[in-house]
Amino acid sequence: MKNSSKLLPLKRRNFIALTGTATASIILSPILTMAESSKKQVTVKDIMNTYINQLATGPIANTVDTLKSGSPDLVVTGIVTCMFATIEVINKAIAIGANFIVAHEPTFYNHQDATKFLQNDEVYKFKSELLKKHNIAVWRNHDNIHSIQPDGVWESLVEKLGWEKQLNNEKRIYNFNPSISFKNLITALKTKLEIPALRYIGDMNQQCSKVLLMVGAAGGQRQIEAIGKFNPDVLVTGEIAEWETAEYVRDARASGKKLSLIILGHIASEEWGSKYMEEWLKNKFPDIKTTFIRTGASLSII
């Protein structure tokens, strides 16, 4: 379950602009001028604290948002934002001289980034040694970015889709008037999110007026409960357990409900949050080169 902080529900770009001076004191002395501050060396810890200290609730307890490699005292020469700190992303960071990677999801293949079971694994050794060799710090920013209000990942996806005007008073519900066909909804999602393919259950001719949007991996129970609460025409989600949500939708349709399902993929539904992080970092630390690198989907469909 995501944590929630009570920041003003501003549009993302306005939020970044308005908070620009509020957090400066975290890393800079109040007596420094802007010209002087731009010369100050910035560490990994400085950047992490600047982001975390935006939260009205303060640091999140028992968070997975920890350093996965590197030192908090490392002076940052360049930053990469991404969905996953893959080996490909690490090599691209090395090539452009970036030594700090801000990733949204785990680096070592499980939610907690536990590595005890990987100690003799060749892939883990290769990746961890690559990071160590090039002195690269990796920070996971998952709980924190989801705790900002509005949610940094959610807001960036809605902006990418252009659905701001469709948002209902109930979070997650988007109303289309006039309605949109299921086929055209799929086409729009593929085009706007730049994804080649997606999976679905539904009738291409169905008219959709109410869309339930749930990013990432919400889990079958939460997805099914939300369907029951909001009664949407279609659930658009990141990923599912095939034996849970998909089977529920199949039975719902057999019982007479006009319920459809679109599965974007976890990465496709959340990757644009790393674009938000690129913009945030450029605003806060303009003297450090920051680059958003798309990882894209790990799976291919034929």
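The first residue of the sequence shown is numbered 1, and numbering continues consecutively from there. Side-chain atoms are counted along with the backbone in the values below, which use heavy atoms only and exclude waters and symmetry mates.
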Report task. Decide side chain to side chain contact (heavy atoms under 4.5 Å, CB included) for Ser181 and Gln206; before the verdict, give the C-alpha distance in whole Å, the side-chain angles of both, and the deciding distance to 0.1 Å. Result -> CA-CA 6 Å; Ser181 73; Gln206 176 190 349; over 6 Å; no

Query raised in the report: When you look at Val158 and Tyr174, which way does the side chain to side chain contact (heavy atoms under 4.5 Å, CB included) test go after all the steps?
Result: CA-CA 10 Å; Val158 172; Tyr174 296 81; 3.1 Å; yes

Query - Derivation and outcome, side chain to side chain contact (heavy atoms under 4.5 Å, CB included), residues Tyr248 and Leu259 - result: CA-CA 10 Å; Tyr248 177 85; Leu259 173 65; 4.2 Å; yes

Requested in this report: Mind running side chain to side chain contact (heavy atoms under 4.5 Å, CB included) on Leu189 and Val236 for me, showing each step along the way?
Outcome: CA-CA 10 Å; Leu189 289 167; Val236 177; 4.1 Å; yes

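The two atoms that bring Lys210 and Asn175 nearest to each other are CG-OD1, 3.9 Å, heavy atoms only. Pairing each heavy atom of Asp121 with each of Val123, the nearest pair is OD2-N, 3.0 Å. Considering every non-hydrogen atom in both Asp233 and Ser209, the closest pair reads OD2-N, 2.8 Å. Between Gln119 and Thr115, the shortest heavy-atom distance links the atoms NE2-O, 2.9 Å. Leu118 and Ala114 get closest at one heavy-atom pair: CD1-O, 4.1 Å. In terms of heavy atoms, Gly238 sits closest to Ile263 at O-CG2, 3.4 Å.
The CD1 atom of Ile186 sits 4.5 Å away from the CD1 atom of Ile262 when rounded to the nearest 0.5 Å. Here CG of Leu67 is found 9.0 Å from CH2 of Trp139. Values are rounded to the nearest 0.5 Å. Summarising the geometry, atom CG belonging to Leu235 is positioned 10.5 Å from atom CZ belonging to Arg172; distances are rounded to the nearest 0.5 Å. To the nearest 0.5 Å, atoms CG (Asn144) and CD1 (Ile148) are separated by 7.5 Å. Rounded to the nearest 0.5 angstrom, Ser147 OG and Asp65 CG are separated by 8.0 Å. In this structure, the separation between CD1 on Ile227 and CE on Met214 is 8.5 Å, given to the nearest 0.5 Å.
Judged by distance alone, the side chain of Ser274 and the main-chain N or O of Cys82 form a donor-acceptor pair under 3.5 Å. No side-chain donor-acceptor contact under 3.5 Å links Thr290 to the backbone of Thr81. The backbone N or O of Val153 lies less than 3.5 Å from no partner atom in the side chain of Glu270, so there is not a single donor-acceptor pair. In terms of modelled atom types and a separation under 3.5 Å, the side chain of Asp143 and the main chain of Val64 share a donor-acceptor contact. Under the 3.5 Å distance criterion, the side-chain polar atoms of Thr86 are matched with a main-chain donor or acceptor of Val89. Formation of a donor-acceptor pair under 3.5 Å by the Lys127 side chain with backbone atoms of Ala85 is found in this model. No donor-acceptor pair under 3.5 Å is formed between the side chain of Thr191 and the backbone N or O of Ala188. Proximity of a side-chain donor or acceptor of Lys183 to a complementary backbone N or O of Met204 within less than 3.5 Å is not detected. Of the possible polar contacts, none joining the Ser269 side chain to the Val215 backbone as a donor-acceptor pair under 3.5 Å is found. Under the 3.5 Å distance criterion, the side-chain polar atoms of Gln54 are matched with a main-chain donor or acceptor of Tyr51.
The aromatic rings of His104 and His146 stand perpendicular to each other, their planes meeting at an angle above 60°, with 30° marking the opposite boundary. Ring-plane geometry between Phe108 and Tyr124 is classed as perpendicular, the angle between the planes exceeding 60 degrees on a 0 to 90 degree scale with a lower cut at 30.
In this structure, Phe84 and Ile267 have side chains that are in contact, with non-hydrogen atoms separated by less than 4.5 Å. Under the 4.5 Å side-chain criterion, counting only non-hydrogen atoms from C-beta, His111 is in contact with Arg140. When side chains are defined from C-beta on, Asn99 does not count as touching Asn135, because their heavy atoms never get closer than 4.5 Å. Looking at Val138 and Ile90, their side chains never come closer than 4.5 Å, going by heavy atoms from C-beta outward. Phe182 places none of its side-chain heavy atoms less than 4.5 Å from the side chain of Lys258. Leu198 places none of its side-chain heavy atoms less than 4.5 Å from the side chain of Leu193. With a 4.5 Å cut-off on side-chain heavy atoms, Ser260 and Arg253 count as touching. No side-chain heavy atom of Tyr200 sits under 4.5 Å from any side-chain heavy atom of Val234.
Open room surrounds CZ on Arg250; 12 or fewer heavy atoms of other groups in view lie less than 6.0 Å from it. More than 12 heavy atoms of other residues, nucleotides or ligands sit less than 6.0 Å from atom CD of Glu247. Annotation: Glu244, atom CD; neighbour count of heavy atoms from other residues, nucleotides and ligands within 6.0 Å is above 12. Atom CD of Glu242 is surrounded by 12 or fewer heavy atoms from other residues, nucleotides or ligands within 6.0 Å. Heavy atoms of other residues, nucleotides or ligands lying less than 6.0 angstrom from NZ of Lys289 number 12 at most.
Salt bridge absent: Glu159 and Lys275 never bring a charged side-chain N and a carboxylate O closer than 4.0 Å. Checked for salt-bridge contact, Lys132 and Glu129 miss the test: no charged N lies under 4.0 Å from a carboxylate O.
A search for side-chain contact (heavy atoms from CB on, under 4.5 Å) contacts involving Glu122 returns nothing, not counting sequence neighbours. In terms of the side-chain contact (heavy atoms from CB on, under 4.5 Å) criterion, residue partners of Phe117 (sequence neighbours excluded) are, by chain and number, Asn110. Take Thr237 and apply the side-chain hydrogen bond (donor to acceptor under 3.5 Å, both in side chains) test, not counting sequence neighbours, and it matches Gln223.
One hydrophobic cluster holds both Ile60 and Met277 under the rule that ILVMFWY side chains link at heavy-atom gaps under 4.5 Å. Two different hydrophobic clusters hold Ile101 and Phe292 under the rule that ILVMFWY side chains link at heavy-atom gaps under 4.5 Å. When the side chains of ILVMFWY residues are joined at heavy-atom separations under 4.5 Å, either directly or via intervening members, Phe285 and Ile293 end up in two distinct hydrophobic clusters. Cluster annotation: Met48 and Val75 are assigned to distinct hydrophobic clusters (Ile/Leu/Val/Met/Phe/Trp/Tyr, side-chain heavy-atom contacts under 4.5 Å, transitive). Connection of Phe126 to Tyr109 is established within a shared hydrophobic cluster, with ILVMFWY side chains joined at heavy-atom distances below 4.5 Å, either directly or through further cluster members.
For Asp46 and Thr43, the side-chain atoms include at least one donor-acceptor pair closer than 3.5 Å.
A distance below 6.0 Å separates the ring centres of Trp163 and Phe176.
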